[in-house]
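Below, chains carry the letters A, B, ... as their sequence lines are ordered, and counting in each starts from 1. Remember, it's a predicted structure, so these values are computed and weren't measured experimentally.
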Number of protein chains: 2
Amino acid sequence: MELTLSHFLPYRLNRISEAVSNEMRAIYKQRHGLNRPEWRVLAALADLERSTATEVGAHSTQHKTKVSRAVFALEKRRWLKRQTDPQDRRSEYLTLTDAGRKAYRELAAPLLAREERILARLSDQDRNAVEQALSALETALDITPDGAPPDAPA
Amino acid sequence: MELTLSHFLPYRLNRISEAVSNEMRAIYKQRHGLNRPEWRVLAALADLERSTATEVGAHSTQHKTKVSRAVFALEKRRWLKRQTDPQDRRSEYLTLTDAGRKAYRELAAPLLAREERILARLSDQDRNAVEQALSALETALDITPDGAPPDAPA
DNA sequence: TAATGACAGTCCTTTTTGTAACTAACAACC
DNA sequence: GGTTGTTAGTTACAAAAAGGACTGTCATTA
């Protein structure tokens, strides 16, 4: 029963995650001045096409206040448009504009390239281990690919 | 060339890291009202015994301003003592007091238990994959176990 | 021993985040 | 059709993080 920081799961995860995130942030910050919530909303909307802020939050694992602020920022850039749902006027549908989609594509390419550059330093075996580890942890932590628990526990 | 958030390495890492960290934070926050920098300094000092703020920062991968504030907070609780190095009066040696070591031990147990509880949900194979993945990523990202680059690049 | 540059640690200012309260809209129930 | 409870999204406030500038100390060199 020994706790050494450098062997402690959360510490290691955090350091790795932060290192990777920082590389990415440099890209979307430098090119378009985006912060992470904004980038995530952009990516989420590219994934989801047309959806509400709540859905975007679920899909990108972000609190609704972050989403709200990010949506506002992206709207100001005219990268997305809102449209209140006539059926339920509380919620608004969000869609990327052409400019938004263009910005997303311009960002996706270098971000993926950077991801690939990191993974390229790993052996095939290590890459497999990474995939297996991430999937296993996601399951163990009840984090499904798009943010909802795998099946609702009673 | 497809960027889907749920398959994107930094996103997955971040979500996992955050989920695990949150579980831990609940423990050291609830029991002793610590925040992460404070907990990390405590753990680093438990690892290192007697060392300077700079060393603690390197060992726990934290910016010196965070370390500075955390040291102040822990000092106020009388969990650590400072001692300016007579050889170099810029730096101060930090050591945990008995109370500090006691608090550390009281925290280490439940934190390790929580870590174990998470890992217990994984198969042996998955656990191995996690270990292999973390090590491989640490290497690929030039993050050595205690925060210094593996060997200084020219 | 003055000048330059590096380093340890702190302080101060600006962003970002998290939390909780709030508004508006809906739904269910009586 | 009023009451109660829930949900979508925003706003306002408080806590935390990030970053840079600053102070004091040391080392090097002239």
Side-chain angles (χ1 to χ4, degrees), chain A residues 14-15 17-19 21-22 24-26 28-30 33-41 44-45 48 50-76 80-95 147-148, chain B residues 14-15 17-19 21-26 28-30 33-41 44-45 48 50-76 80-94 147-148:
Chain A
N14 176 74
R15 287 208 319 169
S17 168
E18 205 166 72
S21 281
N22 284 343
M24 301 302 168
R25 185 178 47 147
Y28 53 65
K29 172 157 192 188
Q30 189 185 0
L34 292 181
N35 59 25
R36 185 159 68 189
E38 286 157 12
W39 149 248
R40 277 203 190 171
V41 166
L45 279 174
L48 297 172
R50 168 194 169 85
S51 51
T52 68
T54 302
E55 289 166 341
V56 168
H59 190 75
S60 62
T61 333
Q62 297 190 109
H63 191 76
K64 56 183 182 174
T65 60
K66 270 192 201 168
V67 175
S68 174
R69 285 187 271 251
V71 165
F72 179 75
L74 295 180
E75 188 187 27
K76 219 168 44 180
L80 64 78
K81 269 203 305 242
R82 314 192 195 215
Q83 204 174 4
T84 61
D85 178 358
Q87 252 64 51
D88 181 346
R89 298 208 315 288
R90 288 172 301 180
S91 50
E92 334 179 84
Y93 286 112
L94 306 173
T95 43
Chain B
N14 177 75
R15 288 208 318 169
S17 166
E18 207 167 71
S21 281
N22 283 344
E23 295 202 27
M24 301 301 168
R25 187 178 46 149
Y28 53 66
K29 172 159 191 187
Q30 190 186 1
L34 292 181
N35 59 24
R36 187 160 65 188
E38 287 157 12
W39 150 248
R40 277 200 189 173
V41 166
L45 279 175
L48 297 173
R50 168 193 171 85
S51 52
T52 68
T54 303
E55 288 166 341
V56 168
H59 190 73
S60 62
T61 332
Q62 298 190 108
H63 190 76
K64 56 183 183 173
T65 61
K66 272 192 201 166
V67 175
S68 174
R69 283 186 274 257
V71 165
F72 179 75
L74 295 181
E75 187 186 26
K76 219 168 43 179
L80 64 77
K81 269 204 305 246
R82 314 192 195 214
Q83 202 172 6
T84 61
D85 179 357
Q87 252 65 52
D88 182 346
R89 298 210 313 287
R90 287 173 300 181
S91 49
E92 336 181 82
Y93 285 113
L94 306 172

Minimal non-hydrogen separation, A/Y93 against A/R50, with atom names: CD1-NH2, 3.1 Å
Contact summary for B/L94 and B/L45, nearest pair of heavy atoms: O-CD2, 3.6 Å
Any side-chain heavy-atom pair from [X] and [Y] closer than 4.5 angstrom?
X     : Y     : answer
A/T54 : A/V67 : no
A/R40 : A/Y28 : no
B/E92 : B/V71 : no
A/P37 : A/R69 : no

Dump the intermediate steps for side chain to side chain contact (heavy atoms under 4.5 Å, CB included) on B/V41 and B/E38, then the final yes or no. CA-CA 5 Å; B/V41 166; B/E38 287 157 12; 5.9 Å; no
Taking only residues two or more places apart in sequence or in another chain, which ones pass side-chain hydrogen bond (donor to acceptor under 3.5 Å, both in side chains) with B/Q62? B/S60
Contacting residues from residues 85-92 of chain B, given that a heavy atom lies under 4.0 angstrom of DNA chain D: B/D88, B/R89, B/R90
Listed partners of B/E18 passing salt bridge (charged side-chain N to carboxylate O under 4.0 Å, His left out), at least two apart: none
Sequence neighbours excluded, the answer for salt bridge (charged side-chain N to carboxylate O under 4.0 Å, His left out) partners of B/R89 is none
For nucleotides 12-21 of chain C, 5' to 3', base contacts (B), sugar-phosphate-only contacts (S) and non-contacts (-) with protein non-hydrogen atoms under 4.0 Å give B----BBBB-
Span of DNA chain D in contact with chain A (heavy atoms, under 4.0 Å): D/dT6 to D/dA12
